[in-house]
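Have a look at the structure below, then the notes.
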Amino acid sequence: MRRPVQRLGQLGVIALLAALTFSPALAGDSVSFISARQASAEPLLDPLGPVWESLAPTQVTLYPQASLIPASDSGGVLNASVRALYSGKTLALHIEWPDATRSATRGVGKFADGIALQWPLRYGPGISLPYVGMGHRDAAAAQWLWRADGSMETLAAEGFGTLTTQSPDGVMARGAWRDGKWQVVFMRSFAPLTSGQHVRFDPAKQGAVPVALALWNGDAQERNGKKHLSAWQVLRFENTPANEAYFKTFSATENGNAENGKRLMAEKGCVACHSFPGNAAQPTIGPNLAYVGAIHHLDYLLESIMKPSKIIVPGKNYSMIQSGKLVSLMPPLEGTKQERRDIAAFLQTLR
Amino acid sequence: MVMDLNKCIGCQTCTSACKTQWTNRNGREYMYWNNVETRPGQGYPRKWEEAGGGFDMSGELKAGRIPDLRRDYGTAFDMNYLEALNPRGDGVHDQPPSFDGEEHPHLAPVEMPVSGPNWDEDQGAGVYPNSYHFYLPRICNHCTNPACVAACPRKAIYKREEDGIVLVDQSRCRGYQHCVEACPYKKIYFNPIFNRSEKCIFCYPRIEQGLPPACAQQCVGRIRFVGYLDDVESPVHKLVEKWKVALPLHAEYGTQPNVYYIPPLSPSGYDAEDNLTGERRIPEEVLVNFFGPRVPDVLKILEQEREKSRKGEPSELMETLIAYRHEEMFKLDAAYYQKAGKPGAAPVPKGKRIIPIVNWDDWNGHQKTREIAAGNFPGGETGEVA
C-alpha cells in the first residue's frame with residue numbers, strides 16, 4: 001500500500017540530504033556513533049515510514065566472519081545505514097543494507113536473509129565488553145534476530161555455541177525488501193517485557209549503549225558463523241548524559257610501529273598458528289586474524305596479546321585444560337611494552 | 001544392526017514401518033529415515049555418495065552439500081483428482097474427453113516429480129541375461145565417529161553413552177544444517193516446519209523396552225539382526241566378530257558405521273551360448289566398492305557354509321542367518337535400561353505413551369502457526385512488509 005511515484009520523487013531529495021548530513025565515522029572508521037533522535041511521538045513499526053528518511057544515516061561497516069570455521073566466504077565488507085529514534089519509553093532502530101537477492105524462506109538447503117542486533121548485558125569503565133562474536137563466559141550478550149521469513153528471536157549467549165532462546169522481551173521487527181536493499185525496523189520499550197537475559201535501556205541515566213550488528217545473506221548459504229559482523233558501535237541517545245570518555249576508548253588507535261609489529265608477528269611465532277593476509281603459511285591452529293583490526297577494539301587486542309586465556313573461544317580446539325582450568329593454547333606475549341604496542345598497531349591494520 | 005542382503009526382497013515393509021511410525025507428517029513427509037534402494041543405482045537421496053561429507057585421512061571433516069529437496073530427495077506429490085475425476089464439479093466422471101467434446105486433464109501429479117526414494121527400482125546394471133541388481137536398505141549408521149556430531153557447532157547432536165544411539169537434541173538444534181552437509185550417508189534431514197534437523201532414532205523408545213526397531217521387527221525377509229557387538233550371545237557379535245561376514249558400508253568415509261551388511265551372493269551368469277559360466281552375476285568390484293576389500297573372503301565363507309548346510313552338516317553361520325526365531329535375532333535387554341540413571345528408568349505410564357521427537361515448545365508453536373502468520377508472534381509483531 002505504498003505510493004511508489006511519490007516516494008521516487010522523495011528519494012532524490014533524501015539522497016541529497018543524506019549526503020549532506022552524513023555522520024562522520026570516528027577514527028579507526030569501524031566504530032560509529034549512531035545518534036538516536038528524540039521524538040515526541042511513538043515510533044511506528046514501518047521500515048518504509050517517512051520518518052526514517054528525515055533522519056541522517058550512520059554508516060556501520062560489517063566484515064566477513066573469518067576467525068572461525070564455518071566462516072563467511074562471500075567476502076568483502078558490507079555497509080549498513082543505521083538510523084535510530086527514541087520516544088518516552090520506546091527505542092526504534094532502522095537498518096538498511098544492500099542485498100541483491102531477497103531470500104525469505106528457510107527450508108532444506110535454503111537460508112533466509114537475516115539481521116541481528118547485539119547488546120552487552122553489562123558495560124562501562126572497568127567492565128570488559130562481551131566478546132563481539134556472541135559474548136564470552138560471564139559476559140553475556142543479548143541478541144535480537146530477525147529473519148526474512150518473518151521469524152524473530154530474542155537470544156542471549158556467553159560465547160560460541162551457547163546461544164539460548166530467551167523469554168519474550170517485547171521486541172518487534174518488520175522488514176521490507178525494495179530495489180536490492182533490505183530495510184528493517186526493530187522496536188522495543190526500554191524495559192523488557194519479562195525478566196531474562198535482556199538488554200535494558202535507561203537513556204536518562206545512561207545516554208549511550210554499545211551495539212553490534214550481524215548480517216546473513218541467505219542465498220550465499222549464510223547462517224550461524226557464516227555472516228558479516230561489525231565491531232561494537234555506540235548508540236547515543238540525543239540530549240542525554242553519557243560517559244563520553246569511556247565510549248571514546250572504543251575507537252582508540254595504537255600509534256605503535258605497525259611495520260615493526262608485522263616483523264614481530266614472525267619473530268614471536270604468531271605466524272605459526274594464526275592466518276592473516278600476508279602470512280603465506282595459512283595455519284589453522286589459532287583463529288584467523290583477518291579483519292581483527294576492524295572488528296575488535298584496541299583494548300581487546302592488547303588484552304588478547306597479554307592475557308590470551310581471559311577470553312577463550314570454547315569448543316574450537318584453541319584451548320586445553322590445565323590443572324582444572326581452561327587455558328588458551330596461546331602463551332602470553334613475552335616482550336616489551338613497545339613490542340606489544342607495535343603488534344597491536346599491526347593488528348589494527350588488519351581490516 | 002546387521003542386515004543380510006541375501007535375504008532382502010526390496011518389499012519396503014521396513015520403510016513403511018518407519019514412515020508410519022515416525023515420518024508421515026509435520027515436515028517429515030519427504031524424509032525416509034529408513035529407505036531401500038536398488039543397487040547399482042542412484043540411491044536415495046539421489047547420488048548421495050557424491051554429495052561429500054565424512055572425514056578425510058587426517059580426520060578432518062570433508063566438505064559436503066545439502067541434497068536438493070525436489071531433485072535429490074523427491075517430495076510427496078499431489079494428484080489432480082478434482083480436475084481429472086470431477087471435471088464439471090458435479091461428481092460425475094464417467095465420460096471420456098471425446099464424449100462431451102471437451103479436453104479433460106488425465107490423472108497425473110500436479111507437479112511432475114523428478115526423483116524419489118527407489119526412483120530407479122530394479123533397473124540395476126548389466127545386459128540380459130546377465131543383468132543384476134540387489135537391494136540396499138539404509139538407516140542411520142549410528143556411527144562411532146559421527147560426522148554430524150563433529151559438524152554441529154552447538155553440540156546439539158550426541159551419541160548416547162548407554163547404547164550408542166545418535167540423537168539430535170531438539171532444544172539445542174538451530175537448524176544450521178551443517179550436519180546434513182557433513183553426514184556422508186545423508187541420513188540426517190532438515191525439518192522445514194520446525195526448522196531443526198531430525199534423524200533415525202533407532203526407535204529408542206522401543207529399544208528401552210527391549211524391543212527391536214520397527215524396521216527390524218516388521219522385516220518380512222528377517223534380514224535384520226539387532227544387538228550389541230560385545231554381547232557374545234548376540235547374532236550381531238557372531239556375524240561381525242566371530243564369523244566376520246558382516247561389513248560396514250563405505251568404511252572409507254571414516255565415521256565407523258554401526259550398521260553392518262552381509263554382501264549378497266548372486267546366481268551364475270551365462271556365456272554367449274547360454275551356458276552357465278559359474279561366475280557370480282554381481283561383479284565383485286561392485287560389492288567391493290560398497291563394502292570394502294574383504295568382500296571376496298566373505299562370499300567364499302558364505303558359499304562354503306552354504307555347501308556344508310546342503311550336505312546336511314551343521315553350520316552355525318547358516319543357522320544364524322536363517323533366523324528361525326525373532327528372539328534369537330534381537331538380543332536386547334529392557335532390564336538394562338531399568339537401572340538407575342538410565343533413560344528408561346522412569347516407570348512407564350499406563351495407556352498411551354507420548355514419545356517426544358519434537359521439542360514441546362516447537363509443537364505448541366506449530367499449533368499456533370496461524371496466529372504467527374497473523375503477526376501474533378510471542379516476541380511481538382514481526383514479519384515483512386508486503
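All values below come from the heavy atoms of this structure, side chains included, with hydrogens, waters and symmetry mates left out. Keep in mind that this is a model prediction, so the values were computed, not measured. Each chain gets a letter, A, B and so on, in the order the sequences are listed, and its residues count up from 1.
- Taking a 6.0 Å sphere around NZ of B:K159, one finds it holds more than 12 heavy atoms contributed by other residues, nucleotides or ligands.
- Annotation for A:K110: atom NZ does not count as buried by contact number, only 12 or fewer foreign heavy atoms lying within 6.0 Å.
- Only the side chain of A:F111 comes within contact range of chain B, judged by heavy atoms closer than 4.5 Å.
- With chain A as partner, the option from B:S171, B:P153, B:P192 having the largest number of non-hydrogen pairs under 4.5 angstrom is B:P153.
- In this structure a side-chain-to-backbone donor-acceptor pair under 3.5 Å is present from B:R172 to A:G161.
- The nearest pair of heavy atoms linking B:Y30 to A:V108 is OH-CG2, 3.4 Å.
- For the options B:R65, B:Q177, B:E181, heavy-atom pairs under 4.5 Å to chain A are most numerous at B:Q177.
- Atoms NZ and OH, from A:K226 and B:Y176 in turn, are 13.0 Å apart once rounded to the nearest 0.5 Å.
- In terms of heavy-atom pairs under 4.5 Å with chain A, the best-connected choice from B:N191, B:N195, B:L69 is B:N195.
- Heavy atoms closer than 4.5 Å to chain B are found in the side chain of A:W182, but not in its backbone.
- Atom CG of A:L329 has more than 12 heavy atoms from other residues, nucleotides or ligands within 6.0 Å.
- Remark: A:R137 CZ is loosely packed, at most 12 non-hydrogen atoms of other residues, nucleotides or ligands lying under 6.0 Å away.
- Near-neighbour residues of residues 218-225 of chain A relative to chain B, defined by a heavy atom under 4.5 Å from a heavy atom of that chain, comprise A:Q221, A:R223, A:N224.
- Contacts of A:L163 with chain B are made by both backbone and side-chain atoms, with heavy-atom separations under 4.5 Å.
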